[in-house]
Amino acid sequence: MGIEVSDEEFYTISKEIKSSKAFKDLNVDSSLNNKTVLKKKGVIIIGTITPPEIDYFYLSKRNNIYAIIEEAFLLTLTTRSANYIDFKEVKKSVKEFKEKILNDKTGKVLSQLEKRLQNAGITFIDVMDKVIRFNSAKDSDIVYYTLDYNRFNEIKDKLINSKIILNSDFAEECFKNICKKIGIKFNTLKNVSKISQRNSFKKSVLKAWTDNLNSIVKVLNNSPILEIKR
């Protein structure tokens, strides 16, 4: 995939590419990491980078992370009882929820989601600060990138004491580089899992998410993140 560069190199490359018009989507700069609020205990879900046109982590149309989280909670709560909701139905409800956020100009729905995640102890953070890529949101189209060492260094202690989920191979690779830079030995982190968002319809993938999230279900008083009506 892409090549990591320094901030200075990134600036130089951006200027050169911009003048040559080689790429349509030159620069993606995500500032969402600054909104990350960590509880003392919880789950940190680490991804690559969020496109700038997206208001919050994982709200793009094709992303299934909220459906996965919601399904994991429902599986934990119902243990596949009569109240169990099929994953396709959960995805449909999450799609409607995303549209509700998009159409809400007051920002109240998004604010409620952020608060709900914080109360549950679920934190999102991206490894990358800036990227240069082709006109696509795919990680495979990232050409150059910088890593957000500063933000991860600020939450260093909480990384050591939290459950961490890396949602892709690329995120894992970058996180290992960050750990090395900020003085954390990756192999000594006891609660790290890598669970892809792909193939989320598979029982094995949902079980992996459920196993990693069921420890915080009680925090929500047995209520799913998005409060999907059942």
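Just so it is clear, the structure is predicted and the values come from calculations on it, not from any experiment.
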What pairs with [X] under salt bridge (Lys or Arg N to Asp or Glu O under 4.0 Å), at least two apart in sequence or on another chain?
X: D104; value: none
X: E4; value: none
X: K180; value: none

Item to check | Side-chain donor-acceptor pair present, S111, E114, cut-off under 3.5 Å | outcome: no

Checklist entry - Given the rule in the side chain to side chain contact (heavy atoms under 4.5 Å, CB included) test, do F152 and L159 qualify, once you have shown the distances and angles that lead to the verdict? => result CA-CA 8 Å; F152 277 86; L159 287 171; 3.8 Å; yes

Residue of the set [options] for which side chain to side chain contact (heavy atoms under 4.5 Å, CB included) holds with [X]:
X: I122; options: I69, I44, I165; answer: I69
X: I132; options: I3, I142, I13, V5; answer: I13
X: I125; options: I45, I164, I46, L32; answer: I46

Checklist outcome for this item: Across all chains, not counting sequence neighbours, the side chain to side chain contact (heavy atoms under 4.5 Å, CB included) partners of D7 are K130, T146

Item to check | Counterpart residues, side chain to side chain contact (heavy atoms under 4.5 Å, CB included), relative to I54 (two or more places apart) | outcome: T50, P51, L59, S60

Checklist entry - Between atom CD1 of I178 and atom CD1 of I182, what is the distance when rounded to the nearest 0.5 Å? => result 7.0 Å

Item to check | From CG (D126) to CZ (F57), nearest 0.5 Å | outcome: 5.0 Å

Indicate yes or no for a side-chain donor-acceptor contact from [X] to the backbone of [Y] under 3.5 Å, with no hydrogens or angles considered.
X: K163; Y: V192; value: no
X: T106; Y: K108; value: yes
X: T188; Y: K185; value: yes
X: D148; Y: R151; value: yes

Checklist entry - Taking the six-membered ring for Trp, are Y58 and F124 ring centroids under 6.0 Å apart? => result yes

Next on the checklist: Tell me whether Y11 at atom OH has more than 12 heavy atoms from other residues, nucleotides or ligands lying less than 6.0 Å away.
Outcome noted: no

Between side-chain atoms of residues 169-177 and protein atoms elsewhere (two or more places apart, or another chain), which donor-acceptor pairs fall under 3.5 Å?
unit_1	atom_1	unit_2	atom_2	d
D169	OD1	K194	NZ	2.7
E172	OE1	K194	NZ	3.3

